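In what follows, chains carry the letters A, B, and so on, assigned in the order in which the sequence lines appear, proteins first and then strands, with residues in each chain numbered from 1. As the structure is a computational prediction, the values presented were derived from the model and not from experiment. As a basis for the values below, the full set of heavy atoms in this structure was taken, side chains included, without hydrogen atoms, waters or symmetry mates.
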Amino acid sequence: MILRELNRLLKEAVEAAQRAGALPAELELPEIILERPKQANLGDYATPLALQLAGKIGRRPLEVAETIAAHFPAAPMLAKVQPARPGFINFTLSQEWIARQVDTILAAGETFGNIDLGKGKKTQVEFVSVNPTGPLHIGSARNAVIGDTLANVLQAAGYDVYREYYINDRGTQFDNFAATAYVRYAQALGIDEPMPEAGYFGQYMIELGRQLAEEYGDTFLHMPREEATRQLGEIALERTVAGIRQDLELIGVYYDCWFSERSLYQDDTFQKVMEILRAAGMVEEREGAVWFTATKLGGDKDEVLIRSDGTPGYFASDIAYHYNKFVVRGFEWVIDVWGADHQGHVPRMKIMMQALGLDPDRLTLLLYQLVTLKRGGEVVRLSKRTGDLITLREVVEEVGPDAVRFFLLSRAAESQMDFDLELAKEQSNENPVYYVQYAHARIASILRKAGDMDYSAGDTSLLQHPSEIALIREMLRLPEIIELAAARLAPHHLTYYAMDLASAFHAFYRDCRVLSSLPEDEAITKARLKLVAATKLVLARVLRMMGMSAPETM
RNA sequence: GCCCCCGUAGCUCAGUGGAUUGAGAGCGCUUCCCUGCGGAGGAAGAGGCCACAGGUUCGAAUCCUGUCGGGGGUACCA
């Protein structure tokens, strides 16, 4: 990767200058910053290293830059190494070198862009994990898109990634859900049952009740209510989880594991965790409940582990769950993707890690701001009472999975976003994803037209048109984008990169004709077919990383 | 009250743990470009005191403090 190479060369240059006595022998190098200058005429990369060093050694920045540049080792990659006011060093890549990278990209194929940042670290991304009490709504889809794309990015960055969905199949919410299933079932059979106060009032539960009544008749009315509720709850759970799974598959999200919360209580995990917490002095009984004393480690409040009715609360499960993740299954790094409505919980999770004797840095809570749902400009409040929501399925059917993913992915997680279903429908044809896919389809069309022409011997050094060079340069950014997105857990950068890459292609397409039947054009045609094939590869890679399709035709 | 996130073009949003310089995109708006590979394309333009006020620095949209505005949290729900 270019950045690593430049980094290495810079260090060599500084050392060379030191050996020559041009820079002090004792010199503490700061972390080297390499960036792309905003102005193209300043080169491809720049570093403010001399500016940073100048103050320390009491010399003029420009002079330090000149010194480093003068000792810069020869590198075929670089055409120019220029010191510049007030003390930057600018690097310009050699055009010949850039042109040759087309062969490199083609040779790398599907692996082009991959980096080794993760070094195979066993990593889990847990995302969505909403209560299995109904269909997924479009707000949860943001979680899905961020989590899934991040997992893709981390894989490309060299992490060993596992995707997981945590099913809350026990606890108060689940009990409410089971109770609702019973009531809707009974109602479907003509029994006048009142809905539980905290039940789920959505239309989908009425449907479910009807289905259950149809399939099972009045079987469950003939058993004790508690048992009937339990059994109906099981069936309803199974269907709802299956529904969520299908909803997620609509937008191309798949998991390695669907983890049951209940399973934490079916072996000795929970007991073990309680023992560890007690031994750590983090457990206290009061008011009839058992508490996790987060305040002992600087938390703002304690948290209930076991409620006064004897049942463990969600936090108890969370601790057992993370014990399972880190200790039982041995994940080195865990990322939980959470909506901002869970932010208050973050400090306690970190304290929990400490209490378990684990390094809190091994757990990352990635928060995204909630999506404000609108329908024709009016805010749609998510309400369990009315069950009014905009489902993911509904949106995907209206707008298509790729547009949904692109839209939800294109904003930074920490930025709030509005989602207006009406607006989304109106603008679905203007979604930028089509711009990117169009570039891919255009290339596919060119390649189809080229037929079985063998361009494998194409000479890429012929690619010297500014638009050709610009396009290759753009492709060479892929590893940098992957590093950026992975290091900052910010997959939204991919969408902007995809646009830039497509734009560079369209500009090339305007300026450079690929196919030609003239004999004198044969060499450049073959070179350009290589370029175009490489571009197709990179576009497809980015689209797939974002979980979108790379169509051959549109 | 306290805690967290956000406030950049008409709208929706990018702008890496500061840096050479006139702050960018998509959509919308104005004008233009089809004798060749897909016009879901390309070119040009209008449109911003980067919420406001201080501070740090050679240099701030970016860092610090405060104010105002929007969202979220502060349950023996998850």
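Open room surrounds NZ on A:K80; 12 or fewer heavy atoms of other groups in view lie less than 6.0 Å from it.
Within 3.5 Å, a donor on the side chain of A:Q416 pairs with an acceptor on the base of B:rG70, or the reverse. Between the side chain of A:Y314 and the base of B:rA78, at least one donor-acceptor pair of N or O atoms lies under 3.5 Å. With hydrogens and angles ignored, a donor-acceptor pair under 3.5 angstrom links the side chain of A:Q343 to the base of B:rC4. With hydrogens and angles left out, the side chain of A:S415 and the base of B:rC6 share no donor-acceptor pair within 3.5 Å.
If you take atom C1' in B:rA25 and the same atom in B:rA14, they sit 7 Å apart, rounded to whole Å. Comparing B:rG71 with B:rC33, their C1' atoms sit 45 Å apart, to the nearest whole Å. Annotation: B:rU31 and B:rG70 have their P atoms spaced 39 Å apart (nearest Å). Comparing B:rU56 with B:rC6, their C1' atoms sit 24 Å apart, to the nearest whole Å. Comparing the C1' positions of B:rC58 and B:rC4 gives an interatomic distance of 35 Å, to the nearest angstrom. Between B:rC34 and B:rU16, the two P atoms lie 40 Å apart (nearest whole Å). For the C1' atoms, the distance from B:rU8 to B:rG48 is 8 Å, rounded to whole Å. Look at the P atom in both B:rA44 and B:rC5: the space between them is 40 Å, to the nearest Å.
A heavy-atom distance below 4.5 Å is not found between the side chains of A:K350 and A:P347.
To the nearest angstrom, P of B:rG71 lies 15 Å from CG of A:D341. Across the protein-nucleic acid pair, A:Y321 atom OH and B:rA78 atom P stand 16 Å apart, rounded to whole Å. In this entry the distance linking CZ of A:F419 with P of B:rC13 reads 13 Å, nearest Å. For the pair A:N429 CG and B:rG28 P, the computed distance is 11 Å after rounding to whole Å. Between the P atom of B:rA25 and the CG atom of A:N431 lies a distance of 18 Å, rounded to the nearest Å. Atom CE of A:M349 and atom C1' of B:rA78 are 12 Å apart (whole Å). When the P atom of B:rC37 is taken as reference, atom CG of A:D511 falls 16 Å away, rounded to whole Å. At whole-Å resolution of the value, CG in A:L305 and P in B:rC77 are 13 Å apart.
Note on ring orientation: taking the six-membered ring where Trp is involved, the planes of A:F419 and A:F407 are perpendicular (angle over 60°, cut-offs 30° and 60°). Between A:H492 and A:Y496, the ring planes are perpendicular. Angles over 60° get that label, and only those under 30° would be called parallel. Using the six-membered ring where Trp is involved, A:F91 and A:F72 have ring planes that are tilted, between 30° and 60° apart.
Between A:K325 and A:E126, at least one side-chain N (NZ, or NE/NH1/NH2) sits under 4.0 Å from a carboxylate O, which counts as a salt bridge.
At least one side-chain nitrogen or oxygen of A:Y435 sits closer than 4.0 Å to the OP1 or OP2 atom of B:rG42. A sub-4.0 Å separation between OP1 or OP2 of B:rG15 and a side-chain N or O of A:H493 is present. One finds a side-chain N or O of A:R307 lying less than 4.0 angstrom from the OP1 or OP2 phosphate oxygen of B:rA78.
The side-chain hydrogen bond (donor to acceptor under 3.5 Å, both in side chains) search around A:Q82 returns none, not counting sequence neighbours.
A:S503 comes within contact range of no nucleotide atom at all, as no heavy-atom separation falls under 4.0 Å. At a threshold of 4.0 angstrom between heavy atoms, the contacts of A:D318 with the nucleic acid are absent. Here A:A439 lies out of heavy-atom contact (under 4.0 Å) with every strand. Nucleic acid contact for A:E552: base, since at least one base atom lies under 4.0 Å from a heavy atom of the residue. Heavy atoms of A:R510 sit under 4.0 angstrom from primed sugar atoms or phosphate atoms, though from no base atom. Residue contacts shown for A:A46 include a base, since a base heavy atom lies under 4.0 Å away. At a threshold of 4.0 angstrom between heavy atoms, the contacts of A:Y438 include nucleobase atoms, whether or not backbone atoms are also involved. Across all strands shown, A:F407 has no heavy atoms under 4.0 Å from either base or sugar-phosphate atoms. Heavy atoms of A:E303 sit nowhere under 4.0 angstrom from any nucleic acid atom. Using a 4.0 Å heavy-atom criterion, one finds that A:T172 contacts the sugar-phosphate atoms exclusively. Counting any heavy atom pair closer than 4.0 Å across all strands shown, A:M554 reaches a base atom.
In terms of position on RNA chain B, the residue among A:K301 and A:H342 whose nearest nucleotide sits closer to the 5' end is A:K301. Heavy-atom distances to RNA chain B give each of A:R442 and A:L484 a nearest nucleotide, and the one nearer the 5′ end belongs to A:L484.
Here the nucleotide nearest the side chain of A:E430, chosen from B:rG28, B:rG42, B:rA40, is B:rG28. Of the candidates B:rG15, B:rC76, B:rA25, the closest approach to any side-chain atom of A:M499 belongs to B:rA25. With B:rG36, B:rC76, B:rG38 as the choices, the nucleotide that has an atom nearest any side-chain atom of A:R448 turns out to be B:rG38. Across B:rC6, B:rC37, B:rA78, the shortest atom-to-atom separation from the side chain of A:E414 is found for B:rC6. You'll find that the side chain of A:H492 is closest to B:rG15, out of B:rG38, B:rG71, B:rG15. Closest to the side chain of A:H506, out of B:rG41, B:rG38, B:rC76, is B:rG41. Checking B:rC76, B:rG38, B:rC5 against the side-chain heavy atoms of A:A289 singles out B:rC76 as nearest.
Rounded to the nearest 0.5 angstrom, A:T553 OG1 and A:R442 CZ are separated by 15.0 Å.
With a cut-off of 3.5 Å on both pairing distances, B:rU56 has no Watson-Crick or G-U wobble partner at all. Look at B:rA43: its Watson-Crick or wobble partner, with both distances under 3.5 angstrom, is B:rU31. The partner of B:rA23 is absent, by the rule that a Watson-Crick or G-U pair needs both atom distances under 3.5 Å. Judged by Watson-Crick or G-U wobble contacts below 3.5 Å, the nucleotide B:rG48 has no partner. Taking a pair to require two hydrogen-bonding distances under 3.5 Å in either a Watson-Crick or a G-U wobble arrangement, B:rG69 pairs with B:rC6.
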Start with the C-alpha gap between A:R170 and A:S317, add the side-chain angles, then the distance that decides, and say whether side chain to side chain contact (heavy atoms under 4.5 Å, CB included) holds.
-> CA-CA 10 Å; A:R170 57 164 295 281; A:S317 292; 3.1 Å; yes
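Base orientation of B:rC27: anti (glycosidic angle beyond 90° from 0).
Among all heavy-atom pairs drawn from A:G87 and A:A50, the shortest one is O-CB, 3.2 Å.
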